[in-house]
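The block underneath contains the structure these notes are about, expressed in structure tokens.
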Amino acid sequence: MTSEPTRPPRRGRRGGGRIAANIVGVAASVLLIFPVYWMVLTAFKPGDELLTYTPHFATLHPTLANFSRAIHAPHFGDALGNSVLIAFSTMIIALVLALLAAVAIARFRWYGRRAFIFAILVVQMVPMSALIIPLYLMLNSIDAVNKLSGVVLTYLAFVLPFSIWTLRGFVAGVPAELEEAAMVDGCTRLQAFFRIVLPLVFPGLVATSIYALIQSWNEYIMAYVLLSDQQKETLPVWLVSFVSAHGVDYGALMAGATMMALPVVVFFAVIQRHVASGLTAGAVKG
């Protein structure tokens with residue numbers, strides 16, 4: 001009894017589905033990139049092209065006057081320095097504390113461990129706007145209002161839970177037998193951590209650092225509430241100065257927003273190389 005020959009897959013349907021998926025992907029990419037493109041384009045537009053009813057999707061007369069007004073605006077240098085200090089301080093402190101907490105959760109069994117993990121998930125569900133008044137009163141009681149250190153503490157309260165949860169998965173993915181083998185070879189637990197666990201968890205540290213930096217760099221509400229001195233305001237709060245009762249300076253506003261986005265883009269471009277190298281290093285078996 002002869003069996004029927006198997007039919008080859010229909011390439012027409014598979015090819016059509018792939019084309020449709022590519023079209024959807026391109027359309028989604030355009031929707032995501034267009035606001036960024038419009039921001040950068042507006043930053044280079046002259047004044048006569050900004051206040052027209054007919055939108056111009058390109059400019060024939062690009063100008064740097066908007067960037068000049070933004071740079072020479074009051075407190076630009078102060079806002080830039082404050083944002084850099086707050087964002088990178090939050091990122092570094094969050095990485096150190098989150099890594100230690102992730103190791104404690106993934107490697108040790110202690111009383112209250114499940115309650116601690118549950119508390120991390122609960123904190124993620126609470127919106128930041130619901131905690132503005134309690135956080136303000138708490139920081140005011142320790143004289144941390146209108147201080148950059150108070151803003152850093154506030155950002156840590158929101159960045160740490162997600163950072164701990166993310167790094168916990170990376171630490172748990174490293175087999176404990178690797179540490180035990182290193183200790184059998186003569187390493188202490190601390191040496192085994194730095195030589196075995198830390199290189200394998202490095203991609204997780206990079207991903208977490210990007211999240212922590214973006215969250216603390218772009219945050220507006222808490223910085224606006226906690227910082228009343230103009231010399232201590234951050235870049236998101238400083239951008240509001242271009243919106244006044246006389247109107248909105250769209251050119252300078254978009255130029256300032258473009259300059260504000262550049263440090264995060266540069267940081268991500270540099271860190272992305274280390275993500276690839278860390279993943280490759282973790283995939284090689286010794």
Side-chain angles (χ1 to χ4, degrees), residues 86-145 147-180 182-183 189-190 192-194 196-226 236 264 268 271 275 278-279 282:
I86 291 174
F88 281 91
S89 299
T90 302
M91 180 188 69
I92 294 173
I93 297 174
L95 287 180
V96 174
L97 297 180
L99 181 59
L100 296 176
V103 172
I105 295 174
R107 285 289 188 263
F108 302 100
R109 297 294 181 266
W110 37 277
Y111 182 76
R113 175 176 170 272
R114 293 184 177 179
F116 181 75
I117 297 175
F118 180 75
I120 292 176
L121 296 177
V122 171
V123 171
Q124 292 294 309
M125 301 177 186
V126 180
M128 182 181 295
S129 58
L131 300 177
I132 293 179
I133 295 178
L135 285 173
Y136 184 90
L137 295 177
M138 183 175 63
L139 293 175
N140 188 44
S141 64
I142 61 175
D143 194 23
V145 176
K147 293 183 178 179
L148 301 184
S149 58
V151 179
V152 173
L153 291 176
T154 304
Y155 289 173
L156 284 174
F158 296 97
V159 172
L160 262 179
F162 181 82
S163 301
I164 294 173
W165 185 260
T166 303
L167 290 178
R168 171 186 172 272
F170 281 91
V171 175
V174 178
E177 291 78 7
L178 296 178
E179 293 182 80
E180 296 173 357
M183 289 187 287
R189 180 175 290 274
L190 189 61
F193 172 78
F194 281 104
I196 303 299
V197 179
L198 190 60
L200 296 177
V201 179
F202 187 76
L205 289 173
V206 172
T208 306
S209 67
I210 295 173
Y211 166 80
L213 181 66
I214 292 177
Q215 289 295 319
S216 54
W217 183 266
N218 295 330
E219 202 282 326
Y220 167 77
I221 297 178
M222 297 306 302
Y224 179 78
V225 173
L226 296 177
V264 178
F268 180 78
I271 288 295
V275 174
L279 289 173

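What you are looking at is a predicted structure, and each value in this text was computed from that prediction instead of being measured.
A heavy-atom distance below 4.5 Å is not found between the side chains of Leu99 and Phe170. Side-chain contact between Met222 and Tyr155 is present, with heavy atoms from C-beta onward closer than 4.5 Å. Side-chain atoms of Gln215 and Leu213, non-hydrogen and from C-beta on, never get closer than 4.5 Å to each other. The shortest side-chain heavy-atom distance between Lys147 and Leu153 does not fall under the 4.5 Å cut-off. Counting only heavy atoms from C-beta outward, the side chains of Leu178 and Leu200 approach each other to under 4.5 Å. Using a 4.5 Å heavy-atom threshold, the side chains of Val159 and Thr208 count as separate.
Nearest heavy-atom pair, Glu219 versus Pro236, reported as atom, atom and distance to 0.1 Å: O-CG, 3.5 Å. When every heavy atom of Ala98 is checked against every heavy atom of Ser163, the shortest pair comes out as CB-CB, 3.6 Å. The minimum heavy-atom distance linking Ala101 with Ile164 is given by the pair CB-CD1, 3.8 Å. Listed here is the closest heavy atom pair of Ala212 and Met91: CB-CA, 4.0 Å. Looking at every heavy atom in both residues, Ala106 comes nearest to Arg168 through CB-O, 4.2 Å. Across Val152 and Ile93, no two heavy atoms sit closer than the pair CG1-CD1, 4.4 Å.
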Let me see the working for Val151 and Leu139 under side-chain contact (heavy atoms from CB on, under 4.5 Å), right down to the final yes or no.
-> CA-CA 9 Å; Val151 179; Leu139 293 175; over 6 Å; no

Can you list the steps and then say if Leu131 with Phe158 is a side-chain contact (heavy atoms from CB on, under 4.5 Å)?
-> CA-CA 11 Å; Leu131 300 177; Phe158 296 97; 3.9 Å; yes

Checking side-chain contact (heavy atoms from CB on, under 4.5 Å) for the pair Ile105/Ile120: CA distance, chi angles, key distance, verdict?
-> CA-CA 12 Å; Ile105 295 174; Ile120 292 176; 4.2 Å; yes

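Taking CG of Leu135 as the start and CG of Asn140 as the end, the distance is 12.0 Å to the nearest 0.5 Å. Rounded to the nearest 0.5 Å, atoms OH (Tyr136) and OG (Ser141) are 11.5 Å apart. Remark: Leu95 CG to Leu100 CG distance equals 11.0 Å, nearest 0.5 Å. Interatomic distance, CH2 of Trp217 versus CZ of Phe88, reported as 7.0 Å (0.5 Å rounding). Atom CG of Leu148 sits about 10.5 Å away from atom CG of Leu226, to the nearest 0.5 Å. To the nearest 0.5 Å, atoms CZ (Phe193) and CE (Met183) are separated by 12.5 Å.
Listed by chain and number, the residues in a ring pair (Phe, Tyr, Trp, His ring centres under 6.0 Å) with Phe162 are Tyr211 (sequence neighbours excluded). Legend: residues meeting ring pair (Phe, Tyr, Trp, His ring centres under 6.0 Å) with Phe194, ordered by chain and number and at least two apart, are absent.
In this structure, the side chain of Ser89 does not engage the main chain of Ile86 through any donor-acceptor pair within 3.5 Å. At distances below 3.5 Å, not a single donor-acceptor pair connects side-chain atoms of Glu180 with backbone N or O atoms of Ala182.
Counting heavy-atom neighbours within 6.0 Å of Ile133 CD1, excluding the residue itself, gives a total of 12 or less.
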